[in-house]
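Worksheet: the structure to be examined is printed underneath.
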Amino acid sequence: MPLSWNQIRANAARFSEEWKDAHYEKGESQTFYNEFFEMFGHRRRSVAVYEHKVKLLKEHSNKQIRDKAGYIDLFWPNTLIIEQKSAGRNLAAAKEQAMDYIQGLKEPERPRFLLLSDFQNFELHDFEENDEWTFRLSDLKDNVRLFGFIAGYQQQKYRDQDPVNIQAANLMGNLHGLLAGNGYEGHDLQLLLVRIMFCLFADDTGIFNPDSFLRFIEDRTKEDGSDLGAKLIELFQVLDTASSQRQRNLDESLAEFPYVNGQLFRETVRIPAFTQPMRQALLQCCNFHWAKVSPALFGSLFQTVMLPAAQRAQGAHYTSEKNILKTIRPLFLDDLHTEFENIKNDRGTQRQSKLKKFHDKIASLTFFDPACGCGNFLILAYRELRELELKLLEEAHPRNHEGIRQTSLDVALISRIRIENFFGIEIEEFPVRVAETTMWIVEHQLNQELGELFGIPFVDLPLKKKANIHYNNALRIDWREVLVPDKCSYILGNPPFIGSKFMSEQQREEIVTLFPNAGGGILDYVSGWYFKAADYIKNTTIKVAFVSTNSITQGEQVGVLWDYLCNQKNVHIHFAHKTFKWTIDAQRAEGMDIAAVYVVIIGFAVFDIPKKCIYDYERVNAEPHRIEVSRINGYLVDAANIFIKSRGVPICDVPEMGIGNKPIDDGNYLFTTQERDTFLLREPAAGKYFRKWIGSDEFINGYERWCLYLADCPPDELRQMPLVMERVENVRQFRLRSKSQPTRKIAAVPTKFHVTNIPTTNYLVVPEVSSENRQYIPIGFMLPNVLASNLVKVVPNATFYHFGILTSAMHMAWVSATCGRLEGRYRYSKDIVYNNFPWPIANEKQRTDIMEKAQIILDTRSHFSQSSLADLYNPTSMPPDLHKAHEVLNKAVDKAYRAAVFNNDRERVEFLLNRYLELNEPLTAAHTQALARPRSRRKEKG
């Protein structure tokens, strides 16, 4: 989940204070915007912000078009371009330059937003809505909602067939904006909107007499709106007063409203001062059709309307029904439906008794969401359970010969699923009120269905109970104060999606308090809910399911989090959805290019079950395949509980892997080919110091960059090159301005890199980041005169044998199971992936065979000299010959591990994890194997 706006505003205030006196040159912009994005709790990996070369198509006075190279300071394709100028520079010129940049982009890449800044002033342009905002750095905290798209608050559009669509959001948002603009804000405004929304819904669904609220506004308030606020407060008091306690001379238009109770209207709020435009805005809301409000959209709608009108385009976070059902179905719903179907199909004499016992069972269930937001998970769980109950009641009360279902019970008593059995914790107050109100609305919808089933209208007023949603911090409160474990059946929800590097100090403190050995700050924020849940469910049969950032099942987090949960808290994973995109159905329906987070769903308990399920995804946006397994470990694979931890050297006897070179130069030493050629025309003596430069992007996509490498340049030669000296001084100043003490220290040697790793022989290159859509990470050999950046891993002294193993299906299965991710992309780790990889014990014949097959892959690549590795390893454009060469290599590598054929990657991963256990813990492995021997054999030996 995105950070709350309160958190973002606090971050913005700190950011503004830290940078308020900045008069830095443009070179500081990278640090400035790194911190700017961190302010919104956004992983830069998800933003894909980078310096981007584009062609500028600039039309001159003679109407001729020519190409011109230029740079965009920060570029997020299809979303945002930033053009940064030094303090005090003209932003009008910056806009003209940025528009030139945009014209050079392909249509799908052109951004919606343009941000211009000189550190102290900001201009934000929204090309889609044709809006523009300008403000000072000191006012940033009051304008953070303009940047909701960075935080993850996406524009919410509803499908036309949904009655609660974007028109409703705009109507309510307009009302909110008018009230807030008039000074009616905060808690009072939030509570007022919740009450108005309830009344709008009640007006269309039979809670009120049809259009009672509309007529009350039209007939009983002045057109100028001067008395509307007071009339609304009076109405709310009536709705909170039992009919028997109301004044006898009450206006008939008020007297017809029912007694609602439920404490929704109990709290006193300030009287809002309406105007004629505000009254008109409320009437527009009243005239909208609210009869079929979707529970899944209701909370999202409320979050959306809380944004000011000018900023509502950024929308609000929303969870689709489809994704929530992925959580609740395997957690409890599938089993309940299976049990019900078995009873339904039982035609024996005990059928009615079994139906009654099943009804008793589902009526006793309690649900707890300790990060409930607007209550979407609780709402869907309640709705699905009520709908199952309706099916049960259909069976328990069949129609008579007249087609009527008869019951001796009052229809109000026949439903036994109560909203008071649904508990939640939410850190912000407004979503708490939304969740409570929405649960009432859903209850009313389902009561109407129940009434229809028995042919009796059913409106359950006054409201007597409500969902138990607690306004508190879930990581600081004792969950037992909300619901004692003995009364809890299931825990579910999607705790905040905040990575370890983007937590606030308070959030980090919460994790450390819960788990003092939290691995040096590597754990994501969601881990706190796992710690709390594992403690809460101790010695119980409670089942838990959380949607979580996928990084808790990847890389070094597994060795910290799941080692603790499984070995110290006896946690067993019952089901798991492997990585998929947590997207927004309503937006996808509109064909929007939306941002998404990459998540897993993990169901667990402190007891084991024989049959478990893994939901695997061929692609992160595909439908899952259900696989029955007997075990699931922290990597969400069918294997023993093995936890791979960071290690400094390889576990096997292979060449060590290192990172490439890290200049920390603010780009002063890096050049495109054109820039290098232009520079050498003015500084020809520098030619011998240019070396080819590769990072992941250059290596995979096959374009050239160059590095001005001066570590070996004698001082007398350096001083004879003024343009080079200028760049060296730029690097020195850039490092001196850094907030990092080690970076400031190396300002004393500006020609030296922060990290230098230059092999003297050919070396193997492994990109640090590569698309998960490729079957193989593209790797290859590089000559020693080419400098590798820190965005690739390098293996000096590697042979064709090492290349063959690393480009095989066996190694890729290991990568897929253990590698960290950037979104869905692989992020290759030296200390986790490479150093822990179990290499085969290959004989000389097998090694020779692998080397020969590896050479064929390199030879096949060479036949396509004009194609980049991105072209060659794209799943669609991969040449058949190259695909075949890899398949042949895979067979050779598989045979080096074992004679039996591996049928799939799951078998490969299981084998590798067991091999890792043997290599890393030989005594433990031997003990495990001894325990696995047949019981009779142990008796014979004894």
Side-chain angles (χ1 to χ4, degrees), residues 2-42 44 47 49 72-76 79-99 101-102 111-153 176-178 180-183 185-186 306-315 502 504 734 737-739:
L3 294 181
S4 71
W5 286 116
N6 287 338
Q7 289 174 302
I8 293 171
R9 278 193 293 271
N11 292 346
R14 287 193 296 268
F15 179 89
S16 300
E17 182 64 22
E18 290 174 4
W19 289 88
K20 67 179 180 180
D21 298 318
H23 297 286
Y24 299 119
E25 295 299 312
K26 189 177 178 180
E28 190 69 1
S29 61
Q30 182 176 355
T31 304
F32 185 82
Y33 281 106
N34 280 350
E35 295 182 12
F36 186 88
F37 279 104
E38 288 172 4
M39 176 175 68
F40 293 93
H42 205 304
R44 273 191 85 212
V47 186
V49 177
I72 293 170
D73 286 300
L74 290 171
F75 176 45
W76 181 354
T79 302
L80 173 68
I81 273 182
I82 297 177
E83 182 58 26
Q84 181 76 13
K85 293 298 181 185
S86 300
R89 294 285 296 276
N90 186 350
L91 294 185
K95 182 180 180 183
E96 181 179 355
Q97 184 178 354
M99 296 307 295
Y101 292 157
I102 292 170
R112 172 177 176 176
F113 298 98
L114 166 64
L115 178 61
L116 309 170
S117 177
D118 67 351
F119 293 99
Q120 298 301 318
N121 298 282
F122 292 84
E123 282 185 21
L124 181 65
H125 298 263
D126 182 346
F127 299 122
E128 195 169 289
E129 298 295 331
N130 197 29
D131 282 331
E132 176 182 344
W133 300 271
T134 61
F135 54 92
R136 296 275 298 165
L137 174 66
S138 57
D139 298 321
L140 176 61
K141 67 180 184 299
D142 298 321
N143 289 275
V144 289
R145 289 185 184 271
L146 296 174
F147 302 94
F149 59 95
I150 296 176
Y153 289 91
H176 167 271
L178 290 170
N182 198 41
E185 298 178 306
M306 291 308 295
L307 299 175
Q311 301 168 11
R312 199 165 53 254
Q314 280 71 51
F502 303 94
S504 67
F734 174 73
R737 292 194 299 269
S738 173
K739 296 181 179 180

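The figures that follow rest on heavy atoms only: side chains count, while hydrogens, waters and symmetry mates do not. FYI, the numbering just counts along the sequence from 1.
The structure places CE of Met39 at 14.5 Å from OG of Ser504, a figure rounded to the nearest 0.5 Å. Here Arg136 contributes atom CZ and Asp142 contributes atom CG; the two are 14.0 Å apart, rounded to the nearest 0.5 Å. Note that CG of Leu140 is 12.5 Å distant from CD of Glu17, once rounded to the nearest 0.5 Å. The distance from the CG atom of Asn121 to the CG atom of Asp139 is 10.0 Å, given to the nearest 0.5 Å. Rounding to the nearest 0.5 Å places CG of Leu115 at 8.5 Å from NE2 of His125.
Closest of all the heavy-atom pairs between Phe15 and Phe36 is CE1-N, 3.6 Å. When every heavy atom of Gln84 is checked against every heavy atom of Ser117, the shortest pair comes out as OE1-CB, 3.4 Å. Closest approach of Ala94 to Glu83, counting heavy atoms only: O-CG, 3.7 Å.
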Exercise. List the steps and the verdict of side chain to side chain contact (heavy atoms under 4.5 Å, CB included) for Glu132 and Leu124.
Key: CA-CA 6 Å; Glu132 176 182 344; Leu124 181 65; over 6 Å; no
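Of the possible polar contacts, none joining the Gln120 side chain to the Ser138 backbone as a donor-acceptor pair under 3.5 Å is found.
With sequence neighbours excluded, the residues forming a ring pair (Phe, Tyr, Trp, His ring centres under 6.0 Å) with Phe135 are Phe122, listed by chain and number. Under the salt bridge (Lys or Arg N to Asp or Glu O under 4.0 Å) criterion, Glu35 pairs with Lys739, not counting sequence neighbours.
Between Gln97 and Lys85, the closest side-chain pair of non-hydrogen atoms falls below 4.5 Å.
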